[in-house]
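The block underneath contains the structure these notes are about, expressed in structure tokens.
Just so it is clear, the structure is predicted and the values come from calculations on it, not from any experiment. As a basis for the values below, the full set of heavy atoms in this structure was taken, side chains included, without hydrogen atoms, waters or symmetry mates.
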Amino acid sequence: MSQHVQAGATVASLQQQSRLDAVDNRILVCHALGLNRVGLITQSERALSADEAARLSELIERRLRGEPVAYIIGQREFYGLAFEVSDAVLIPRPETELLVELALERLPPRGRVLDMGTGSGAIAIALAHSRPDAAVSALDVSPEALAVAQRNAASNQAAVRFLHSSWYAALDDSERFELIVSNPPYIASGDRHLSEGDLRFEPVGALTDHADGLSALRAIIAGAPRHLLGQGWLLMEHGYDQAAAVRALLASAGYLEVQSWQDLAGIERVTGGRLP
């Protein structure tokens with residue numbers, strides 16, 4: 001299973017002899033050697049020192065054991081921004097950019113938006129970066145996640161107010177927002193995906209509600225009317241097979257214009273509704 005990189009190997013040879021996916025291999029080679037993609041070409045004949053070979057071997061071993069590339073290099077791109085990630089937070093996924101786009105369409109000038117269960121801060125920071133006029137708040141129950149999110153906000157020069165909170169608990173009763181967004185835990189307890197691929201390494205409490213996959217979504221839907229202004233929107237990401245159930249929850253709670261939106265793969269990934 002292992003792949004040991006020899007000192008003296010050239011940069012070009014590293015890209016031809018790897019057991020990793022080509023993209024994963026390129027990212028790890030660049031990270032280990034401090035190169036960008038242009039450097040892979042212009043320095044193709046560069047020979048690795050013993051230290052560089054050892055460093056790259058360790059990174060490749062971690063990937064071969066299944067650890068996500070984002071955790072290995074400590075970074076992931078989302079909505080054109082660079083985010084620090086660690087095993088305290090979920091790795092931002094491309095499909096979550098749909099939630100950001102839908103939120104931006106519905107965020108009025110100088111609007112107030114709340115991101116619930118912010119994790120790395122990806123959604124909140126993308127919104128604040130795109131709309132500096134907006135007042136963006138974000139909360140999470142994990143102090144470790146909030147520390148990562150605060151560093152990401154600083155590095156991306158985004159103004160976000162962070163709160164340590166279990167859902168709405170820490171919010172003042174008088175606080176109201178034009179928009180609430182969330183990508184909450186939505187994988188059901190016991191789902192086989194939790195023991196497969198990258199998910200094995202991600203924080204389990206950010207992935208599953210330890211129940212039927214809908215309990216966090218129910219809590220968000222039930223609590224939102226106390227913190228949404230009239231006509232305000234609630235938008236939530238959910239699992240590939242949960243759109244109909246989330247639409248039913250929103251409709252039964254009295255939300256209007258309830259609908260789901262498809263991600264680039266054609267999967268209904270975000271569902272939302274508007275308060276009367």
Side-chain angles (χ1 to χ4, degrees), residues 1-101 104 119-132 147-160 196-202 263-265:
M1 187 71 178
S2 66
Q3 179 181 323
H4 185 69
V5 178
Q6 299 290 336
T10 65
V11 170
S13 71
L14 297 173
Q15 297 170 80
Q16 297 157 3
Q17 300 166 2
S18 178
R19 297 178 51 218
L20 295 179
D21 168 86
V23 174
D24 288 355
N25 184 63
R26 186 180 73 236
I27 292 169
L28 294 183
V29 170
C30 287
H31 184 68
L33 304 183
L35 296 174
N36 57 25
R37 291 183 67 170
V38 174
L40 286 179
I41 300 165
T42 60
Q43 299 186 41
S44 62
E45 296 310 308
R46 169 177 160 186
L48 272 64
S49 68
D51 281 351
E52 289 171 335
R55 183 160 66 245
L56 181 57
S57 292
E58 183 199 352
L59 300 184
I60 291 171
E61 285 295 316
R62 289 170 64 185
R63 183 60 188 144
L64 287 171
R65 289 196 297 269
E67 189 173 346
V69 169
Y71 286 164
I72 296 172
I73 68 171
Q75 194 175 74
R76 181 66 168 258
E77 193 228 17
F78 178 83
Y79 216 75
L81 304 172
F83 285 86
E84 172 197 334
V85 293
S86 73
D87 59 9
V89 299
L90 284 191
I91 299 165
R93 306 297 205 269
E95 55 266 30
T96 301
E97 294 186 355
L98 171 63
L99 182 56
V100 174
E101 289 162 5
L104 288 171
S120 67
I123 295 167
I125 291 163
L127 291 172
H129 189 271
S130 299
R131 288 283 302 277
V148 173
Q150 286 167 332
R151 290 194 294 273
N152 280 326
S155 65
N156 285 296
Q157 286 144 17
V160 178
E196 296 177 353
D198 288 358
L199 300 192
R200 292 172 295 158
F201 294 84
E202 297 189 77
D263 63 19
L264 292 175

State the [atom1]-[atom2] distance between [X] and [Y], to the nearest 0.5 angstrom.
{"X": "Leu99", "Y": "Leu104", "atom1": "CG", "atom2": "CG", "answer": "9.5 Å"}
{"X": "Leu33", "Y": "Gln43", "atom1": "CG", "atom2": "CD", "answer": "8.5 Å"}
{"X": "Leu28", "Y": "Arg55", "atom1": "CG", "atom2": "CZ", "answer": "12.5 Å"}

Exercise. If you look at every heavy atom in Phe78 and Phe83, which pair is closest and at what distance?
Worked result: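 For Phe78 versus Phe83, the nearest heavy atoms are O-CE1, 3.5 Å.
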For this session: Identify the two heavy atoms, one from Ile91 and one from Pro68, that lie closest to each other, and give their separation to 0.1 Å.
Result: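 Closest approach of Ile91 to Pro68, heavy atoms only: CD1-CB, 3.4 Å.
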For this session: Just jot down the salt bridge (charged side-chain N to carboxylate O under 4.0 Å, His left out) partners of Arg62, sequence neighbours excluded, or say none.
Result: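 Arg62: salt bridge (charged side-chain N to carboxylate O under 4.0 Å, His left out) contacts with Glu67.
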Problem set entry | Contacts of Glu95 that satisfy salt bridge (charged side-chain N to carboxylate O under 4.0 Å, His left out) - sequence neighbours left out |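 Partners of Glu95 under the salt bridge (charged side-chain N to carboxylate O under 4.0 Å, His left out) test: none.
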Name every donor-acceptor pair, under 3.5 Å, that has one atom in a side chain of residues 123-131 and the other anywhere in the protein, sequence neighbours excluded.
| residue | atom | partner | partner atom | Å |
| --- | --- | --- | --- | --- |
| Ser130 | OG | Ala126 | O | 2.8 |
| Arg131 | NE | Asp133 | OD1 | 2.8 |
| Arg131 | NH1 | Leu107 | O | 2.9 |
| Arg131 | NH2 | Leu107 | O | 3.3 |
| Arg131 | NH2 | Pro108 | O | 2.7 |
| Arg131 | NH2 | Asp133 | OD2 | 3.0 |

Problem set entry | Test side-chain hydrogen bond (donor to acceptor under 3.5 Å, both in side chains) applied to Arg200 - qualifying residues, sequence neighbours left out |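 Per chain and number, Arg200 pairs via side-chain hydrogen bond (donor to acceptor under 3.5 Å, both in side chains) with no residue.
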For this session: Please list, chain by chain and in numerical order, all residues satisfying side-chain hydrogen bond (donor to acceptor under 3.5 Å, both in side chains) with Arg63, sequence neighbours excluded.
Result: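 By the side-chain hydrogen bond (donor to acceptor under 3.5 Å, both in side chains) rule, Arg63 matches Asp24.
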Do the side chain of [X] and the main chain of [Y] share a donor and acceptor less than 3.5 angstrom apart?
{"X": "Ser57", "Y": "Val5", "value": "yes"}
{"X": "Asn152", "Y": "Ser120", "value": "yes"}
{"X": "Asn36", "Y": "Cys30", "value": "no"}
{"X": "Asn25", "Y": "Leu14", "value": "yes"}

Using the test side-chain contact (heavy atoms from CB on, under 4.5 Å), find all partners of [X] that sit at least two apart in sequence or belong to another chain.
{"X": "Ser49", "answer": "Asp51, Glu52"}
{"X": "Ala265", "answer": "Asp263, Ile267"}
{"X": "Ser13", "answer": "Ala9, Thr10, Gln17"}
{"X": "Ile27", "answer": "Val23, Val69, Ile73"}

For this session: Please tell me if the side chains of Leu40 and Val11 come closer than 4.5 Å, counting only heavy atoms from C-beta onward.
Result: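 With C-beta onward as the side chain, the pair touches.
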Problem set entry | Residue pair Leu35 / Arg46, side-chain heavy-atom distance below 4.5 Å |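 In short, these two side chains touch, coming nearer than 4.5 Å.
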For this session: Walk me through it: do Leu56 and Val29 pass the test side chain to side chain contact (heavy atoms under 4.5 Å, CB included)?
Result: CA-CA 7 Å; Leu56 181 57; Val29 170; 4.1 Å; yes
For this session: Enumerate the residue pairs fulfilling side chain to side chain donor-acceptor pair (under 3.5 Å) with a member in residues 70-90, sequence neighbours excluded, ordered by first and then second residue.
Result: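 As it turns out, the side chain to side chain donor-acceptor pair (under 3.5 Å) pairs with a partner in residues 70-90, which skip direct neighbours, are Glu84-Arg151.
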